[in-house]
Protein chains: 2
Amino acid sequence: MLKYILLGFLNYSPMTGYDLKRIIDHSTAHFWHAYHSQIYTTLARMEDEGLLTSETDDSDDKLSRRVYTITPTGQAALAAWQRQPLTSLPHGKNELLVRLFFSADRKTEEVLDELRIQRRLHQQQLELYNHIYLDDYLNEAPPTEQQNVAREMVFWQMTIDFGRAYEQMYLAWLDETINKLTELD
Amino acid sequence: MLKYILLGFLNYSPMTGYDLKRIIDHSTAHFWHAYHSQIYTTLARMEDEGLLTSETDDSDDKLSRRVYTITPTGQAALAAWQRQPLTSLPHGKNELLVRLFFSADRKTEEVLDELRIQRRLHQQQLELYNHIYLDDYLNEAPPTEQQNVAREMVFWQMTIDFGRAYEQMYLAWLDETINKLTELD
DNA sequence: CTTTAATATGTCAATAGTGACATATTATAC
DNA sequence: GTATAATATGTCACTATTGACATATTAAAG
């Protein structure tokens with residue numbers, strides 16, 4: 001998956017691994033995260049596969065700054081991936097639910113403390129979606145043709161809307177769960 | 001993580017890898033999935049680590065049926081994991097959002113088709129949560145002391161409630177997104 | 001000027017997860 | 001009774017992901 005995220009961003013403009021890391025952190029990280037270690041190794045592999053080419057501005061004494069550019073092969077791979085629709089549900093993973101599932105033998109107050117910590121974290125996350133998020137998309141977005149940005153924004157906004165809806169749902173569920181547990185003694 | 005799910009279930013009763021696979025499929029799979037290949041290899045590793053012991057009912061001509069039992073070390077590891085609260089947000093992954101994020105250059109109708117497929121899938125998932133789900137928990141649950149089942153049920157129900165809230169949120173977002181896209185031309 | 005922090009690029013070992021392959025046993029259908 | 005499906009147990013190669021380690025450059029602070 002990271003492969004297609006990298007192709008997707010590089011399809012706008014050539015960039016270094018670090019550029020991609022920054023952009024991902026400010027955009028897709030909320031629904032697909034990657035450490036820089038994975039980004040660098042994946043870029044190298046993609047170059048081997050012929051999806052990308054790279055160049056270092058060889059002033060030799062400077063730090064490398066390897067700039068990656070998407071190839072026609074890479075663009076074809078991206079397009080093929082886009083055309084193939086997702087026809088299944090993902091195997092969602094939620095560590096908190098795992099913990100809750102096996103919490104019957106824990107002290108209620110201990111579980112409540114844990115849920116309250118989560119409540120605070122999700123409250124913060126919701127604040128993030130409500131405020132700074134859209135600006136980041138604009139500031140960090142790679143330079144692209146101005147006439148298309150409007151359409152891009154529509155799709156980006158949809159992912160933000162999802163994030164907000166998700167956090168609101170999560171908070172409501174946490175409140176309900178905390179209430180139920182509080183009345184359990 | 002799978003390690004603690006296995007410890008959690010084996011803490012109720014000794015079981016084989018296949019038993020665990022079945023129980024996971026009917027319970028935690030909705031928030032933590034595992035293939036049987038991973039379950040078998042993880043069980044073997046956990047036995048090496050001293051968290052489990054295993055026995056095969058050696059009728060020799062029969063298929064092995066390796067029954068795993070949690071050790072005191074395993075119970076201690078489970079208890080330690082339970083006590084250590086989760087203090088961070090997970091790095092959520094959502095392939096659909098990745099695809100949507102990079103869908104600005106796709107034909108609107110193609111994206112809509114994909115979203116409608118997802119709508120159908122999530123509708124089915126919600127039906128699942130609304131009907132069969134709680135029964136499965138009861139039928140597939142390992143035998144445990146009857147007096148504690150009530151408390152267990154409270155916690156299991158919370159994870160089901162989350163699943164339902166999640167699918168409802170997802171469907172509402174899909175509807176909203178489909179509407180917005182429909183009015184985009 | 002020089003220490004310090006922030007920026008930037010990478011490698012590596014280990015763990016987690018996927019999906020295909022292999023194969024044996026038990027139950028069911030015909 | 002036998003073909004077929006369902007049950008059951010495992011291995012293996014590969015890919016993905018994590019988190020620690022290493023290190024160099026540039027900016028800022030004092």
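It should be emphasised that the depicted structure is a prediction, and the values quoted were computed from it without experimental measurement. Here is the naming used below: chain letters follow the sequence lines, and residue numbers restart at 1 for every chain.
Using a 4.0 Å cut-off between a side-chain N of Lys or Arg and a carboxylate O of Asp or Glu, B/Glu95 and B/Arg99 do not qualify as a salt bridge.
Between B/Phe9 and A/Phe101, the distance from one ring center to the other falls under 6.0 angstrom.
At distances below 3.5 Å, not a single donor-acceptor pair connects side-chain atoms of B/Trp81 with backbone N or O atoms of B/Met1. Although no hydrogens or angles enter the test, the distance criterion places a donor-acceptor pair under 3.5 Å between the side chain of B/Asp19 and the main chain of B/Thr16.
Taking the nucleotide of DNA chain D with the nearest heavy atom to each of B/Lys93 and B/Gly17, the more 5' of the two is matched to B/Gly17.
Listed by residue number, A/Tyr40 are the residues of residues 38-54 of chain A with a heavy-atom contact under 4.0 Å to DNA chain C.
Residue side chain A/His91 does not reach the base of C/dG17 through any donor-acceptor N/O pair under 3.5 Å, judged by distance alone. Remark: the B/His33 side chain and the C/dG17 base include no donor-acceptor N/O pair separated by less than 3.5 Å.
Here the shortest heavy-atom pairing between A/Tyr129 and A/Arg164 reads O-NH1, 3.1 Å. In terms of heavy atoms, A/Thr71 sits closest to A/Leu52 at CG2-C, 3.7 Å. Taking both residues in full, the closest heavy atoms of A/Ile24 and A/Leu6 are given as CD1-CD2, 4.0 Å, listed atom of the first, atom of the second, then distance.
Rounded to an integer number of Å, the gap from B/Tyr35 OH to C/dG19 P is 4 Å. If you take NZ of B/Lys21 and C1' of D/dG10, they are 14 Å apart, rounded to a whole angstrom. Following rounding to the nearest Å, B/Glu95 (CD) and C/dG17 (P) show an atom-to-atom distance of 17 Å. Whole-Å rounding puts the A/His36 NE2 to D/dT17 P distance at 16 Å. The separation between A/Trp32 atom CH2 and D/dA16 atom C1' is 9 Å, rounded to whole Å. If you take CG of A/Asp19 and P of C/dG10, they are 12 Å apart, rounded to a whole angstrom. Summarising the geometry, the separation between OH on A/Tyr18 and C1' on D/dA24 is reported as 14 Å, rounded to the nearest angstrom. The CE atom of B/Met1 sits 23 Å away from the P atom of C/dA14 (whole-angstrom rounding).
The side chain of B/Arg66 contributes no N or O atom lying less than 4.0 Å from OP1 or OP2 of D/dT9. Between B/Ser37 and D/dG10 there is no side-chain polar atom (N or O) within less than 4.0 angstrom of OP1 or OP2.
Heavy atoms of B/Lys3 sit nowhere under 4.0 angstrom from any nucleic acid atom.
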